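Everything below concerns the one structure shown next.
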Amino acid sequence: MTARSADVIVVGAGPAGCVVSYLLARSGVETVLIERQRTLDREFRGYGFRPPIPRLFDEMDLLADVEDLPHETISRGTVVAYGKSYPVFDFDDRRVLLLKQPPLLRLLIERAREFETFTFHAGTSFDGFRREDGAVAGITATSRPDGETHDFRSRLVIGADGRFSTTRRAAGIDAGMDESGTEVVWFRLPRAAADFTTHIRIEDDGVLVYSPLSERESQYGLLVPEGRYPAIRDRGIARFRETVAGIEPAIADSVESHLTSFDQCSLLSVRSGLAERWTDDGLLLIGDAAHVASPIGAEGNNLAIQDAVETHRLLTPVLARGDGPISNATLRRVEGNRRPAVERTIRGQRSRGRGLFSLLSSRDRLPDPLEPHLLRGGAALMSLLARLPNRSGTDDPEPSVDRSLFAD
């Protein structure tokens, strides 16, 4: 077993883990990032980076590098129901970046490696916590395939290991998941002739969500009732292609040529969750480990990166003084600052999830002549609610990167 110490151990090299590692390392905090996968290739993870994320990348001195990666940008989107279009968002002079995660994660790690305070261990699985007087004081981990074991001591463990978080489970924290009743069958195709200002299309054959990823590639998702996917597979890929092409005829040729097997598809539940708590003495959960985002709406990356920025701002000064595990009371400041905004987002996602479930479940019950009119009405209501200004007066200001903490 190898033993080493660091100020912070980050578990999980997704957007939250990579961003917080980069920010901490750049601020002189000795940081170790571990990732259980041996590569950073990730299929069908979140591709959307909504405002304020492009601004935050700029404040990290990363935006130019990010925009050099294959990507697309959009600033407005619509839902189309039976041929009629309804706007659902318009960011005016701001924009959403659409790009695949692996190149972004590699970029973040490369930039973090510019600092001597950063170490990355790929193919290394979290095994459990080290504890001292009841507080988390590090982790044990195992590297693959050689089986080498590691004993990492730290003042803080950051669990950023996603919706199926092993750190959350090891801490005995409930994920607070809901039941949406809806799933998405994701797949990618070469860039086709679809109108990518449309992000949801509702037609007789079903509901399709889609967006571009680059000049060469686009992502699509067919919404299905939960538990229906095995029956869809049993009917065969040809029937699946017919369904997709029936919703969006503009991609029919691309679907026929390139979608050859269900091996090219991935199933993701439209579920969200909010953990009962995010902290313990010496432990902080961020990103999907703390609050599981639904895949609809491109919220997951947005919340995760804002968590990372707030963690860096509040905890870097604390890590510069004292010793021993960071107290639960101190770590709860991060949760206290982030939880209200996260709760509002999760409530919105759950409301949209219920709407999508109602849409899918009602299609079999509506009389055929009424279906287009009622579903257009639902789309119009979705458009109105999405564009109403927030009048609660409780919105917190968007976080900003505290560049004064950088050591360079």
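Note that the structure is a prediction, hence the values are computed from the model and not measured.
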**Q.** Distance-only donor-acceptor check, side chains Ser27 and His312, under 3.5 Å
**A.** yes
Q | Distance-only side-chain donor-acceptor flag, Asp161 / Thr167, under 3.5 Å | A | yes
Q. So, do Trp278 and His291 sit near enough that their side-chain heavy atoms are less than 4.5 Å apart?
A. yes
Q) Can you tell if the side chain of Thr2 reaches within under 4.5 Å of the side chain of Thr149, non-hydrogen atoms only? A) no
Q: Report yes if the side chains of Ile251 and Val244 come closer than 4.5 Å at any heavy-atom pair, otherwise no.
A: yes
Q) Would you say Glu116's side chain and Gly28's backbone share a donor-acceptor pair under 3.5 angstrom? A) no
**Q.** Closest non-hydrogen atom pair between Ser154 and Gly138, with its separation
**A.** OG-CA, 3.5 Å
Q: Find out whether Val292 and Ser165 are in side-chain contact, i.e. whether some heavy atom of one side chain is under 4.5 Å from a heavy atom of the other.
A: no
Q. Between Ile200 and Leu208, is any pair of side-chain heavy atoms under 4.5 Å apart?
A. no
Q: Kindly indicate, with the supporting measurements, whether the criterion side chain to side chain contact (heavy atoms under 4.5 Å, CB included) is fulfilled by Leu98 and Phe49.
A: CA-CA 6 Å; Leu98 300 167; Phe49 296 83; over 6 Å; no
**Q.** Gap between atom CG of Asn337 and atom CG of Leu314 - 0.5 Å precision
**A.** 5.5 Å
Q: Please determine if Arg201 and Glu203 form a salt bridge, counting it only when a charged side-chain N lies under 4.0 Å from a carboxylate O.
A: yes
Q. Any ion pair linking Glu276 and Arg168 (charged N to carboxylate O, less than 4.0 Å)?
A. no
Q. Do you know the tightest heavy-atom contact between Gly300 and Ala293?
A. CA-CB, 3.5 Å
Q) Out of curiosity, Ile53 CD1 to Leu63 CG, how far, rounded to the nearest 0.5 Å? A) 11.5 Å
Q: Kindly indicate whether the side chain of Val207, heavy atoms from C-beta on, has any atom under 4.5 Å from the side chain of Ile247.
A: no
Q: Test side chain to side chain contact (heavy atoms under 4.5 Å, CB included) on Leu69 and Leu107 and set out the steps.
A: CA-CA 9 Å; Leu69 302 174; Leu107 168 65; 4.2 Å; yes
**Q.** Note: Asp41-Arg106 ion pair, threshold 4.0 Å (strictly below)
**A.** yes
**Q.** Euclidean distance, Leu108 CG relative to Phe120 CZ, rounded to 0.5 Å
**A.** 11.0 Å
Q | Under 3.5 Å: donor-acceptor pair, side chain of Ser404, backbone of Asp402 | A | no
(Q) Any heavy-atom pair between the side chains of Ile34 and Val10 that's under 4.5 Å? (A) no
Q. Does the pair Arg338/Glu310 count as a salt bridge with the N-to-O cut at 4.0 Å?
A. no
Q. Going by atom types only, do Gln219 and Tyr210 share a side-chain donor-acceptor pair under 3.5 Å?
A. no
Q) Would a distance-only check, ignoring hydrogens and angles, find a side-chain to backbone donor-acceptor pair under 3.5 Å from Gln37 to Thr39? A) no
Q: Without swapping roles, check the side chain of Arg233 against the backbone of Tyr229 for a donor-acceptor pair under 3.5 Å.
A: no
Q | Whether over 12 other heavy atoms sit under 6.0 Å from Asp253 CG | A | no
Q: Could you tell me whether Arg4 atom CZ has more than 12 heavy atoms of other residues or ligands within 6.0 Å of it?
A: yes
(Q) Nearest 0.5 Å, please: how far is CG in Leu23 from CD in Glu59? (A) 10.5 Å
Q: Would you check if there is a donor-acceptor pair between the side chains of His150 and Ser143 at a distance under 3.5 Å?
A: yes
Q) Is it true that Glu217 and Lys100 have a side-chain N and a carboxylate O under 4.0 angstrom from each other? A) yes
Q: Compare every heavy atom of Ser254 with every heavy atom of Leu189, then report the nearest pair and how far apart it is.
A: CB-OG, 3.7 Å
Q.
Can you confirm whether more than 12 heavy atoms, excluding those of Arg332, are under 6.0 Å from its CZ atom?
A. no
Q: Using only heavy-atom distances, determine whether the side chains of Arg113 and Thr119 contain a donor-acceptor pair under 3.5 Å.
A: no
Q) Are the aromatic ring centres of Phe152 and His121 under 6.0 angstrom apart? A) yes
**Q.** Set of side chain to side chain contact (heavy atoms under 4.5 Å, CB included) partners for Ser327, sequence neighbours left out
**A.** Asp281, Ala329, Thr330
(Q) Determine whether a donor-acceptor pair (N or O, by modelled atom type, separation under 3.5 Å) exists between the side chain of Asp178 and the backbone of Ser272. (A) yes
Q. Salt bridge check: are Arg228 and Glu183 linked by an N-O gap of less than 4.0 Å?
A. no
Q. Under the 3.5 angstrom rule, does the side chain of Glu248 hit a backbone N or O of Ala245 as a donor-acceptor pair?
A. no
Q) Within 45 degrees of the axis of the six-membered ring of Phe406 and under 6.0 Å from its centre: does Arg26 put its NZ or CZ there? A) yes
Q. How close do Pro51 and Val96 get, heavy atom to heavy atom, and via which atoms?
A. CD-CG2, 4.0 Å
Q | Interatomic spacing from CD1 in Ile286 to OG1 in Thr311 - rounded to 0.5 Å | A | 4.5 Å
Q. Can you tell if the side chain of Ser218 reaches within under 4.5 Å of the side chain of Arg188, non-hydrogen atoms only?
A. no
(Q) Show, in sequence, the C-alpha distance, side-chain angles and deciding distance for Arg155 and Glu30, and conclude whether the salt bridge (charged side-chain N to carboxylate O under 4.0 Å, His left out) test is met. (A) CA-CA 10 Å; Arg155 299 189 62 200; Glu30 190 173 7; over 6 Å; no
Q) Do NZ/NE/NH1/NH2 and the carboxylate oxygens of Arg241 and Glu256 come within less than 4.0 Å? A) yes
**Q.** Sidechain-backbone polar pair: Arg130 side chain, Val136 backbone, donor-acceptor under 3.5 Å
**A.** no
Q.
Tell me the closest heavy-atom pair linking Ala308 and Val19, and the distance in Å.
A. CB-CG1, 3.7 Å
Q) How many angstroms lie between CD1 in Ile9 and CD1 in Ile158, if you round to the nearest 0.5 Å? A) 10.0 Å
Q | Minimal non-hydrogen separation, Phe118 against Ala112, with atom names | A | CB-O, 3.4 Å
(Q) Applying side chain to side chain contact (heavy atoms under 4.5 Å, CB included) to Asn301 and Arg50, what does each step give before you reach the verdict? (A) CA-CA 8 Å; Asn301 293 326; Arg50 301 174 51 145; over 6 Å; no
Q. Relative to each other, are the rings of Tyr220 and Phe187 parallel, tilted or perpendicular (30° and 60° limits)?
A. parallel
Q: Assess whether side chain to side chain contact (heavy atoms under 4.5 Å, CB included) is satisfied between Asp127 and Ile139, documenting all intermediate values.
A: CA-CA 7 Å; Asp127 293 332; Ile139 68 168; over 6 Å; no
Q) Would Glu335 and Arg277 pass as an ion pair if we require N to O under 4.0 Å? A) no
